[in-house]
Structures are given as C-alpha cells and as structure tokens.
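Everything on this sheet refers to the single structure shown next.
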Number of protein chains: 4
Amino acid sequence: MTPSKPMRADARRNRARILAAAEEVFAERGASASTEEVAARAGVAIGTIFRHFPTKRDLLAAIMKDLRRRLIDKAEALVADGDPGTAFFDYFTFLVGSSARVGAVVSLLAEEGTSIEPGEQIMALDHTFGTLLDAAQEAGTVRPDVHLDEVMALLAAATHGALATAWSDDLRHRTVTLLLDAFRPR
Amino acid sequence: MTPSKPMRADARRNRARILAAAEEVFAERGASASTEEVAARAGVAIGTIFRHFPTKRDLLAAIMKDLRRRLIDKAEALVADGDPGTAFFDYFTFLVGSSARVGAVVSLLAEEGTSIEPGEQIMALDHTFGTLLDAAQEAGTVRPDVHLDEVMALLAAATHGALATAWSDDLRHRTVTLLLDAFRPR
Amino acid sequence: MTPSKPMRADARRNRARILAAAEEVFAERGASASTEEVAARAGVAIGTIFRHFPTKRDLLAAIMKDLRRRLIDKAEALVADGDPGTAFFDYFTFLVGSSARVGAVVSLLAEEGTSIEPGEQIMALDHTFGTLLDAAQEAGTVRPDVHLDEVMALLAAATHGALATAWSDDLRHRTVTLLLDAFRPR
Amino acid sequence: MTPSKPMRADARRNRARILAAAEEVFAERGASASTEEVAARAGVAIGTIFRHFPTKRDLLAAIMKDLRRRLIDKAEALVADGDPGTAFFDYFTFLVGSSARVGAVVSLLAEEGTSIEPGEQIMALDHTFGTLLDAAQEAGTVRPDVHLDEVMALLAAATHGALATAWSDDLRHRTVTLLLDAFRPR
DNA sequence: TATGAATGAGCCTTCATTCAT
DNA sequence: CATGAATGAAGGCTCATTCAT
C-alpha cells in the first residue's frame with residue numbers, strides 16, 4: 001500500500017501550489033469559485049489540477065485534510081506547553097478566530113449533497129479536543145457535566161457563525177468570552 | 001399603499017406553492033439547487049416561477065421574508081402570553097430548533113456577493129429579541145451585562161451550527177441548554 | 001366575403017391603439033421588442049393583442065400595411081396639387097425623411113426568414129411612384145432612360161441607409177440632394 | 001505587442017472555421033441565428049465558440065473585423081495598380097457587390113443597442129475611401145463638391161439596400177451605374 | 001507530466017403563444 | 001371580448017471534466 005512512485009519533485013511542488021491557491025480562492029470567493037480560477041492563481045494549467053485531484057470535490061477534501069492537520073498541530077503545541085486549566089479555553093478561542101479559513105472550506109463542502117460531512121474536519125478534532133477537555137475538567141476549570149459532543153457542537157456553531165455573519169474582532173471576542181462562560185463551573 | 005389589483009386566486013395559490021416548494025428544495029439541496037427543480041416540486045412550469053420571482057435571488061429573498069414573518073409572529077406570541085423570565089430562553093430554543101429551515105435559507109443568500117446580508121433575516125429579529133432580552137434582564141433571569149449583539153451572534157452561531165452539522169434532537173437540546181447557561185446570572 | 005361581424009366599437013378602438021403602440025415601440029426598440037411591451041404601451045393586456053393579431057408577424061404586417069397606406073396617401077396629395085416636374089423629387093425626399101418609421105418596420109420583417117419581402121411595403125409604392133416618374137420625365141426634369149425599378153431600388157437603399165446609419169438631418173439633406181442629381185438630365 | 005503564446009494549431013483552425021461558419025449562418029439567417037447553429041455548421045461544440053468569443057457580440061465583432069480587413073485589402077490593391085480616375089468607381093461597385101456579406105453583418109450589429117456603430121465597419125473604410133476620392137477628384141472624374149461623408153452615406157445606403165431587397169445582378173448593375181452618375185461632373 | 005483546447009450538460013432567463021378566469 | 005397567469009421551447013453562457021498536443 002506504499003505509493004507506487006515517489007512523485008517527481010516538480011509534481012509535488014505543483015500539488016502544494018494548487019492547494020495553497022485553492023484555499024485562498026475558495027476562502028475569498030466561496031466554493032462556487034471555478035477551478036479555472038484556482039489554476040490561474042496557482043500558475044498552472046487546469047489540466048494539472050485535474051491530474052492531481054480528479055474531481056473538484058477531491059481538491060476540496062484535500063484542503064480540509066490540510067487544514068485539519070494544521071489545526072491539530074496547533075492543539076498539540078498547546079497541550080505540550082500550556083496550562084491544562086486554560087489550554088482548553090485558548091484552543092477554542094483560537095479555532096473560532098481561524099474561522100475565516102475553516103468556515104469557508106466547511107461551507108463549500110456543505111453545498112451539494114456532499115459525502116464529506118460538513119464540519120467533519122472540525123469533528124476530526126474530537127480526539128485532540130477530548131484531551132484538552134479532560135485536562136481542564138481535571139483542573140476544575142470546566143464543569144464536569146460537560147460532554148465532548150456539546151463542546152464540539154458549540155465549536156462548530158461559533159465557527160460557522162463567525163464566518164457567516166462576519167463578526168468584528170470585538171464582537172467575536174465578547175461573544176466567545178460569553179460563550180465560554182457556559183463551560184465554567186457555577 | 002394596498003396593491004392596486006388583488007391578484008388572481010390561481011396566481012396566489014401558485015405563488016404559495018412555489019414558495020413552499022422552494023423552501024423545501026433549498027433546505028434539502030442548498031442554494032445551488034436549480035430553479036427547475038423547484039418548479040418540478042411545485043408542479044408548475046419554469047416560466048411560472050420567473051413570472052412570480054423575476055430572478056432566482058428574488059425567490060430566495062421572498063423565502064427569507066416569509067420565514068422572518070413567521071419567526072417574528074412566534075416571538076410576539078411568546079411576548080404576549082409567556083413568562084417574561086423564560087420567554088427569552090424559550091424563543092432562543094425555538095429558533096435554533098427551526099434552524100433547518102432558517103439556516104438553509106441563510107446560507108443560500110450568503111453565497112455569491114449578495115446584497116442581502118447573510119443572516120439578515122435573523123438580524124431583523126433584533127428588535128423583537130431586544131424586547132425579550134430586556135424583559136428577562138428585568139426579571140433577573142439573564143445577566144445584566146449581556147448585550148443584544150452578543151445574543152444575536154450566539155443565535156446565529158447556534159442556528160448555523162445546528163444546520164451545518166445536523167445535530168440530533170438530543171444533541172441540540174443538550175447543547176442549547178448548555179449554551180443558555182452562559183446567559184444566566186452566576 | 002364581407003366580414004361576418006362588424007367588430008364592436010371597443011374592439012376597433014383597441015386595434016387602433018395596439019397598432020399605434022406597436023409602431024412606436026418597434027421604431028424605438030427594434031423588432032425584437034417584446035409583445036408584452038407593446039401591450040403595456042397600448043394599455044391593454046397581452047391576450048388582447050393576440051386576439052387581434054394571432055401572431056407577432058401578423059402585427060408587424062399590419063403595421064406595414066398601415067404605413068404604406070399613409071405613404072401612398074401623401075403621394076396622391078403631391079400628385080394632385082404639386083408641380084409634375086418636382087413632385088417626384090419631393091416625394092423621394094419625403095420618403096427618405098420618413099425612414100425612421102419606415103425603416104424600423106422594414107428591418108423587423110427582414111429578420112428571420114420572413115415571407116413578407118423586406119422592402120415590400122416600399123415596393124408596393126411602385127404604382128404610385130410610377131406615376132410621379134412618368135410625369136417628371138414628361139416634364140423633362142428626370143432623365144428619360146431612368147427605369148422605375150432603379151428608382152425604387154435607390155429609394156429602398158436611401159431609406160435603409162438613413163435608418164441604419166442614423167444620418168443627421170444635414171447629412172441626409174446633402175446626401176439625398178446629391179443622389180437625386182443622378183436622375184437629372186445631364 | 002505580439003501575443004505571448006502563438007495559439008495552438010487546432011485552436012487556430014477552429015477559430016477560422018467558426019468565423020467562416022458564423023459569417024455564413026448570419027448572412028443567411030440574420031443576426032438572430034443561434035450560436036448553437038453556428039457551432040453545428042462549424043462542427044464544434046458550443047463551448048468552443050464561447051472559448052474563442054466570450055460573447056455573441058464578440059463573435060459578431062470578429063466577423064466585422066475580418067470583413068473590414070478583406071475589404072481594405074481590396075481597396076489597397078485597386079489603389080496600387082488601378083487608374084486613379086476609375087479606382088473610386090470600381091471600388092464602390094465592388095463593395096456594393098459584396099453587400100450580401102457586408103450588409104448581413106452590418107445589420108446584425110445594428111440590432112439591439114450595440115456600441116459598435118451600425119455600419120462602423122464600413123465607416124472604418126473612410127480613410128481608404130478618402131484616398132480614392134481625392135485621387136478621382138484630382139483626375140477630374142468626380143465632382144469637386146462631393147464630400148466624403150456623402151460618399152460613405154451613399155455607400156452604406158446602396159449596401160443595405162442591395163442586401164435588404166435582394167437586388168438581382170442586373171438590377172444592381174444598373175442601379176449602381178445610375179447612382180455613380182451623381183458623382184460625375186455635369 | 002503539463003498544457004490548454006474541446007466537450008456538452010446544465011443553468012438562468014426571455015418571450016411568443018395558449019387558456020382559464 | 002378582455003385579462004393576465006401559465007406554459008415551455010429556446011437562447012446565451014458557465015464550468016467540471018476529458019483528451020489531443
């Protein structure tokens with residue numbers, strides 16, 4: 001199951017450029033942006049995109065995978081060197097702040113009957129988040145009766161909300177702060 | 001300011017059928033569903049849709065207006081005969097429960113550079129919600145430091161979230177209950 | 001073969017209004033103007049137009065017939081009380097000046113494979129014009145070797161040209177004056 | 001200012017086929033002929049036409065440009081090796097003879113509020129024609145009081161007329177001969 | 001492999017014409 | 001007869017996807 005060929009250097013470079021361009025374009029223009037525009041931004045021909053990603057959906061999925069990777073990396077960093085009592089809150093806040101990127105991609109996939117569950121990329125953070133939640137509950141900064149699925153649900157909500165209604169930095173800060181109070185012990 | 005001509009009975013009937021069909025179709029398939037599909041579901045020819053709504057956008061906007069009307073009616077009912085201390089919470093819960101409808105429409109309009117602000121139909125509830133919030137704060141069931149814009153932001157968030165990630169009834173109930181705790185005095 | 005019914009007064013009135021509106025609309029907007037617009041201008045419903053003229057082509061044809069009638073009337077007036085030596089020139093000049101109306105209608109019919117020969121309405125003036133030409137040649141103001149078909153051809157040409165290229169009054173005057181020199185004895 | 005990429009052989013071939021097909025189709029059916037029909041005649045898919053000419057208008061404009069080029073080439077040939085005294089008359093005659101092509105295209109563009117002036121492609125011949133006119137007036141074969149704008153106006157007229165009313169070869173010959181007399185010194 | 005031209009299904013919209021009111 | 005809503009066949013154009021170069 002190892003890849004048959006190690007992929008030529010220029011091919012790998014193209015793949016990366018396409019992914020970067022696609023993330024930008026879709027974040028700016030929404031999922032309905034044309035593949036041609038992605039090609040232009042990436043500086044490759046359209047055929048090259050379809051060689052790497054046989055379908056537009058595949059391209060979208062790849063973006064999400066990429067994004068997820070980065071978000072999880074960030075979480076791991078927080079787990080590694082943060083205070084267990086606040087890492088949970090910090091990560092939640094960080095994610096909502098990243099929503100411009102996250103959300104755009106999410107909503108793309110939400111369009112049309114997509115098999116990739118909208119929000120999946122966030123859901124895949126479950127495990128990561130579970131760790132942070134456990135630690136925070138242990139530290140007593142989060143109510144013990146809060147379940148992970150509720151946390152994820154509120155995360156998805158805040159993420160979508162922030163994107164769709166374009167919260168200002170100030171509003172986002174106040175709203176998330178308020179929302180996080182729901183998790184705090186009373 | 002009353003319309004000069006009262007609209008023929010069959011026309012009014014068709015308009016309603018189209019609106020209903022469109023709400024369904026767009027909720028199921030997203031805003032990119034074709035007008036043709038709406039026509040099929042409504043049992044009319046495509047031309048009939050364009051006679052009533054000259055543009056796809058117009059159709060979408062009409063759905064939103066309709067929806068808003070219904071949501072506001074509900075709020076007014078709550079205001080009229082509900083307990084001021086709980087009406088706020090009830091309405092919030094009710095709205096999130098309606099999100100399948102609400103959210104679908106919202107996200108449609110969010111696509112493409114639409115002049116109808118995404119979430120606008122919810123935002124238009126501001127006034128209605130402001131009344132409920134004031135009453136609840138007066139009654140002491142909502143923290144006095146909560147602002148209306150934060151409430152609306154969280155409403156939009158929960159609405160979008162519930163839609164995009166297809167919360168189960170149970171999850172929605174638990175999540176909203178938790179979220180509403182953020183509003184309660186500590 | 002007399003019409004079975006004498007047509008109600010209001011029906012006749014409507015027919016006239018439609019004809020007038022159609023002439024205006026088509027002159028302004030070209031033949032591709034919609035029947036609906038004609039209806040609006042005439043202040044009737046679209047069904048009424050199709051009752052009087054079962055086809056758009058029929059409406060167009062009716063306009064032409066109307067126009068032809070008026071143009072011929074004018075010629076007859078010139079024949080009756082004009083100088084035989086100049087009536088020919090006057091009429092030619094008059095017709096080109098009317099081209100905004102004439103031409104618009106002509107070009108409508110020219111579009112699509114129309115069975116009504118483009119220019120037909122002008123061609124129908126043949127007889128009328130023949131009379132004027134004969135008189136002028138008799139009077140010695142027009143070369144004897146000029147044939148009627150050439151006159152009609154140049155008339156159609158000037159008419160179309162004036163319309164299609166929107167000659168200014170000044171240019172039209174100079175051009176027609178020059179053109180008419182072709183007819184004069186050398 | 002040379003195009004950065006020389007255009008692939010097959011693309012150039014298709015472009016030419018489309019142009020040829022379009023000229024035919026529009027000449028036969030008028031400007032309202034469908035792009036699909038052009039595609040069929042050219043033996044390409046509809047998308048190919050829109051790749052080369054993003055808009056129907058663009059296609060029309062391209063035809064005109066093409067045509068103009070050919071007409072001007074012809075003029076230059078006449079200027080180069082013709083008698084200055086007759087080149088003017090020859091060219092005028094030639095153009096009217098080409099009117100089936102010329103005129104069809106002209107009238108297409110005349111439809112709808114087009115920014116490409118109807119007759120523009122002929123008007124663009126101004127300069128070319130100006131040279132011929134000057135030479136002829138110098139040679140004494142054309143009246144000195146004739147202005148270029150009048151010449152162009154009559155050219156447009158004859159062109160349109162010949163097209164719209166389908167002059168026979170004989171009629172065209174006699175009519176143009178007669179018309180050209182208007183330019184001759186008396 | 002990359003390129004970019006070609007394909008063609010599908011979308012929104014218009015409009016002549018029909019028909020229930 | 002008049003009205004105006006409904007119909008549905010086109011038409012222009014877009015864009016994911018394929019394939020010759």
Side-chain angles (χ1 to χ4, degrees), chain A residues 5 7-11 14 32-40 43-59, chain B residues 5 7-15 18 32-39 42-59, chain C residues 5 7-11 14 32-40 43-59, chain D residues 5 7-15 18 32-39 42-59:
Chain A
K5 300 241 180 149
M7 194 184 247
R8 272 162 43 173
D10 57 342
N14 270 343
S32 55
S34 78
T35 309
E36 200 97 37
E37 190 168 347
V38 174
V44 303
I46 189 156
T48 305
I49 295 199
F50 279 89
R51 163 170 288 272
H52 286 280
F53 308 95
T55 276
K56 195 182 180 181
R57 277 196 55 62
D58 292 330
L59 175 56
Chain B
K5 296 259 175 136
M7 194 184 231
R8 245 161 60 177
D10 54 346
R12 192 163 49 252
R13 199 162 42 244
N14 271 340
R15 206 194 120 95
I18 290 169
S32 55
S34 79
T35 308
E36 199 100 36
E37 190 168 347
V38 174
V44 301
I46 181 94
T48 303
I49 294 201
F50 281 91
R51 160 172 277 268
H52 287 280
F53 309 96
T55 278
K56 194 183 178 180
R57 275 196 59 59
D58 292 331
L59 174 55
Chain C
K5 300 244 178 145
M7 195 183 243
R8 270 162 44 174
D10 56 343
N14 271 342
S32 53
S34 78
T35 309
E36 199 97 37
E37 191 168 347
V38 173
V44 302
I46 190 155
T48 305
I49 294 197
F50 280 89
R51 162 169 289 273
H52 285 279
F53 308 94
T55 277
K56 195 180 179 183
R57 277 196 56 61
D58 293 330
L59 174 56
Chain D
K5 297 261 171 131
M7 195 183 230
R8 246 161 60 176
D10 54 345
R12 193 164 47 253
R13 197 161 45 244
N14 271 341
R15 206 193 121 96
I18 290 169
S32 56
S34 79
T35 307
E36 199 101 34
E37 191 167 348
V38 173
V44 301
I46 182 94
T48 303
I49 294 201
F50 282 93
R51 160 172 276 269
H52 287 280
F53 309 96
T55 278
K56 194 182 178 182
R57 275 196 57 59
D58 291 330
L59 175 55

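Chain letters run A, B, ... following the sequence lines, proteins first and then strands; every chain starts at 1.
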Any side-chain heavy-atom pair of D/T35 and D/F50 under 4.5 Å: yes
Rounded to the nearest 0.5 Å, what separates atom [atom1] in [X] from atom [atom2] in [Y]?
X: C/H52; Y: C/N14; atom1: NE2; atom2: CG; result: 5.0 Å
X: D/M7; Y: D/R13; atom1: CE; atom2: CZ; result: 11.5 Å
X: D/S32; Y: D/E37; atom1: OG; atom2: CD; result: 9.5 Å

Please enumerate all residues that pass side-chain contact (heavy atoms from CB on, under 4.5 Å) together with [X], with sequence neighbours excluded.
X: B/F53; answer: B/R15, B/I18, B/L19, B/D58, B/L59, B/A62
X: B/R8; answer: B/D10, B/A11
X: B/A45; answer: B/T48

Looking only at side-chain atoms of A/A11, point me to the closest of E/dA2, F/dT3, E/dA5. E/dA2
Protein within reach of the bases, or only the backbone? For nucleotides 11-21 of chain F, mark each nucleotide 5' to 3' as B, S or -, using heavy atoms under 4.0 Å. SSBB-SBB---
Between E/dT3 atom P and D/R51 atom CZ, what is the distance in whole Å? 14 Å
Nearest whole angstrom, please: distance from the C1' of F/dA5 to the CG of B/N14. 8 Å
If a pair means Watson-Crick or G-U wobble with both distances below 3.5 Å, what does DNA chain E look like in dot-bracket form, with | marking bases paired to a different strand? .||||||||||||||||||||
Give a yes/no on whether any side-chain N or O of C/H52 is located under 4.0 angstrom from OP1 or OP2 of F/dC1. no
Residue list, side chain to side chain donor-acceptor pair (under 3.5 Å) with B/E36, at least two apart or on another chain: none
Specify the residue among A/T48 and D/V44 whose closest nucleotide of DNA chain E lies further upstream toward the 5′ end. A/T48
